[in-house]
Amino acid sequence: MTDTAAAHDLSDPSTDPFAVAEAAAAVIRERTGVERHDVALVLGSGWGQAGDLVGETVTTIENTDVPGFGKAAVAGHSGSMRSVAIGDTGRRALVYGTRTHFYEGRGVRAVVHGVRTAAAAGCTTIVITNGCGGLRPEWAPGTPVLISDHINLTAHSPIEGANFVDLTDLYSPRLRAVAQEVDPTLDEGVYVQFRGPHYETPAEVRMAKLLGGDLVGMSTSLEAIAARQSGLEVLGVSLVTNAAAGISPNPLSHEEVLEAGQAAAERCGRLLADVVGRI
Ligand code: 8IG
């Protein structure tokens, strides 16, 4: 490892994760020639193509070229980030084609590094998307749902030290209203983040329901917490790619997830593009 790479090692407790985010943002500025990005988008399972309608990709950067970012670990995710011109507004979106999941074992700092980098790159808003299991039978695979709140069952926080961040209204009521203006049929739900990488048992899904959950997944909550700490306004959108275990008689498969994403790509793409255009 070079000295610079060592200094950017998020797994080293003596590394300042915010300094790595600043270094990553500096690379993004240099590669894009853009002093600031405005909105960040994290594209989860099923959302890969949805980013395309947001605008024209001006620059693509491999994650491996940016301090603190790793390779994509999930099939169907791309290991790069893009700088996208938002229509003709002169504003830029920083679009992440992949995320680091908590179950990869690289630590919470790696999970939220993209969020911190977005804030360091100038973003004031982040749209966090994911593919997830649905607890309400009326949500057929391919249904996008706004996240109204979350329950973090990872037993971890991205925040270090005695830093008591308020999470009231974490998922911006203003941005949810914008999304519902764009698509009045959008439902809202509480997202429950499990550690994964296994899907839940039917008993765990019943527990999530009893706790007040509507959606089950393996991402988003930790990222949203870090986003709030960094002062970003957060919009969370889940794509229900499958009924959660025990909700439907069918077993869960990653292929089903990818297919539901394909089928919903157009609706999700238009939703993202319209919302980002109005942020
Ligand atoms: I896509 O049913 C997707 N991700 N935990 N449960 C959990 N994560 C998911 C699911 C699901 N579907």
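Order of listing sets the numbers, starting from 1, for every ligand and every atom in it. Because the structure is predicted, anything quoted here is derived from the model rather than measured.
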Numbered atoms of ligand 1 (with element) below 4.0 Å of Gly133, judged on heavy atoms: 2 (O), 10 (C), 11 (C), 12 (N)
Atom 4 (N) of ligand 1 - nearest protein heavy atom and its distance: Gly131 O, 3.5 Å
Atoms of ligand 1 close to Thr241 [distance to a heavy atom under 4.0 angstrom, numbered from 1]: 1 (I)
Plane angle bin for Phe102 and His156 - parallel if under 30°, tilted between 30 and 60°, otherwise perpendicular: tilted
Note: Asp169-Arg176 ion pair, threshold 4.0 Å (strictly below): no
Sub-3.5 Å N/O-N/O distance, Asn242 and ligand 1: yes
Among Val34, Ile28, Val27, side-chain contact (heavy atoms from CB on, under 4.5 Å) partner for Arg31: Val27
For Cys132, the ligand 1 atoms whose distance to one of its heavy atoms is below 4.0 Å: 1 (I), 3 (C), 4 (N), 10 (C), 12 (N)
Gln193 versus Thr154, side-chain donor and acceptor atoms under 3.5 Å: no
Top protein contact for atom 6 (N) of ligand 1, by heavy-atom distance: Glu200 OE1, 2.8 Å
Which atom of Pro158 lies closest to which atom of Leu222, heavy atoms considered: CG-O, 3.4 Å
Heteroatom distance test (Tyr199, ligand 1): nitrogen or oxygen, under 3.5 angstrom: no
Which atom of Ala24 lies closest to which atom of Phe69, heavy atoms considered: CB-CE1, 4.0 Å
Ligand 1 contacted by Gly196 (non-hydrogen, < 4.0 Å): no
